[in-house]
Amino acid sequence: MSSVDTTIQLIRAGKAEGTVCTPDLAEGPWVFDRQIEPSYGPGSSMGDIIPAGSPRQGQLPEEYRTASTQQLADRIHAAKQTLGERVVVLCHFYQRDEVVQFADFVGDSFQLANAARSTPAAEAIVFCGVHFMAETADILAGPPQSVILPNLAAGCSMADMADIDSVEECWQQLADLYGSAPDAQGRVPVIPVTYMNSSAALKGFCGDHGGIVCTSSNAATVLAWAFERGQRVLFFPDQHLGRNTAKAMGVPLERMPMWNPRKPLGGNSDVALADARVILWHGFCSVHKRFTVGQIATARAEFPEVTVLVHPECPMEVVDAADAAGSTDFIGKTIAAATDPTTFAIGTEINMVNRLAAQYPQHTIFSLDPVVCPCSTMYRIHPGYLAWVLEALVRGVVLNQITVPEPVAARARIALERMLAAQPGASTASADVIGD
Ligand code: SF4
């Protein structure tokens, strides 16, 4: 079987030296639930600082920690069979195969939130992804449905890089600088745009302030929507998606200052901010930050015909050096559409790359990064946690429910609905206007 568990077996056999970012991946995630000083745990985000107060996961009961892989699989199958249509299991593309095998739907965060909405018969939605995804599912789910995150410590280091207090402080500083008066075209000084990978509080903030949500699939459409209504955009939390998208639309780099929330005016001068078209929050995904131009050069040297596909959360230099950049959906569809045997080097999370390689044996598909380093927080969802929450549901007990307070959810829905209504090409904000 591919995915992280193959790596875990290699680590345990002493055959993984130099091929993984940390041997700690061989530990059960519950080892890290017990940490007095919480961290994101092994994987790409292990060097990131987790905010104080991040959700913690209590200790998983011993019977789930000590059960074999087969025992857990049998228990999950049995619980799902008993629950029938009362439960739906959603798995993100980046989830390990040992969990994905139990999925009713596999997709990106927005596809999964929509899958939750399209299964009203399910009383419980078990979301095998990370915290912000479960929040979005709860925002869009029907009122009687419970959204469950099997391990509460499955956050997202990128989403955590923009918190509501820091964004509100930034907003106040921008309001002091720009005022609130629209320009001659009726455009307000700033439109906030949040990536789907953000807390419900930030989606609600955008709903409140004339802003909008975007995904990696529709970021250009959403930016065009925002430029039609605002003189500039405050984009959070992922600087790379914001920069890559705006650059492709013709916004010059010098008009995209970065906002560091730990510095006054984000570390910028009044002049730089006055001229800004997109203010980029200082956030990033530690999975996609690992990809480099050097890795692309190595792949091209070894396979001169290689097609390099990367996610737009990768740094700009990597996106520029790739053959194409796009969302997980784009990467999957591009490979599915290739009729002749093709070599693909991919810049996205390793579980998805390994799954694509297994799914399309007629192609040669590999990760640009030679070191296996999965998303730290997706890794936290182990079959043991899935068995635990499903068997509790069989007993009528809802564990690890994710609930977004209705006032926040209502405001977040406004920003999400604006995104759904924004149509490609509907905006008159062309690249020329954007780069003015
Ligand atoms: S891959 Fe990156 S953005 Fe996605 S959940 Fe992991 S840390 Fe967050």
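Just so you know, ligand 1 is whichever comes first in the structure, and atom 1 is the first atom listed for that ligand.
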Do Glu349 and Arg355 sit within salt-bridge range, that is, some charged N less than 4.0 Å from a carboxylate O? no
List ligand 1 atoms under 4.0 Å from Cys285, heavy atoms only on the residue side. 1 (S), 2 (Fe), 3 (S)
Numbering the atoms of ligand 1 from 1, which are under 4.0 Å from a heavy atom of Asn197? 3 (S)
Side-chain H-bond candidate by donor/acceptor type, Asp329 with Gln111, under 3.5 Å: yes
Distance-only donor-acceptor check, side chains Asp160 and Ser157, under 3.5 Å: no
Hydrogens and angles aside, do Ser286 and Asp48 bring a side-chain donor and acceptor to less than 3.5 Å of each other? yes
Less than 3.5 Å apart, any donor N or O on the side chain of Asn244 or Glu313 sitting next to an acceptor on the other? no
Can you list the ligand 1 atoms lying under 4.0 Å from a non-hydrogen atom of Tyr94? 1 (S)
Only heavy atoms of Ser157, strictly under 4.0 Å: list the atoms of ligand 1 that pass. 7 (S)
Without hydrogens or angle criteria, can the side chains of Ser54 and Tyr40 be said to hold a donor-acceptor pair below 3.5 Å? no
Val287 heavy atoms within 4.0 Å reach ligand 1 at atoms 1 (S)
May I ask you to identify the nearest protein heavy atom to atom 6 (Fe) of ligand 1, giving residue, atom name and distance to one decimal place in Å? Cys375 SG, 2.4 Å
If the cut-off is 2.8 Å, does any N/O/S atom of Cys156 fall short of it from atom 6 (Fe) of ligand 1? no
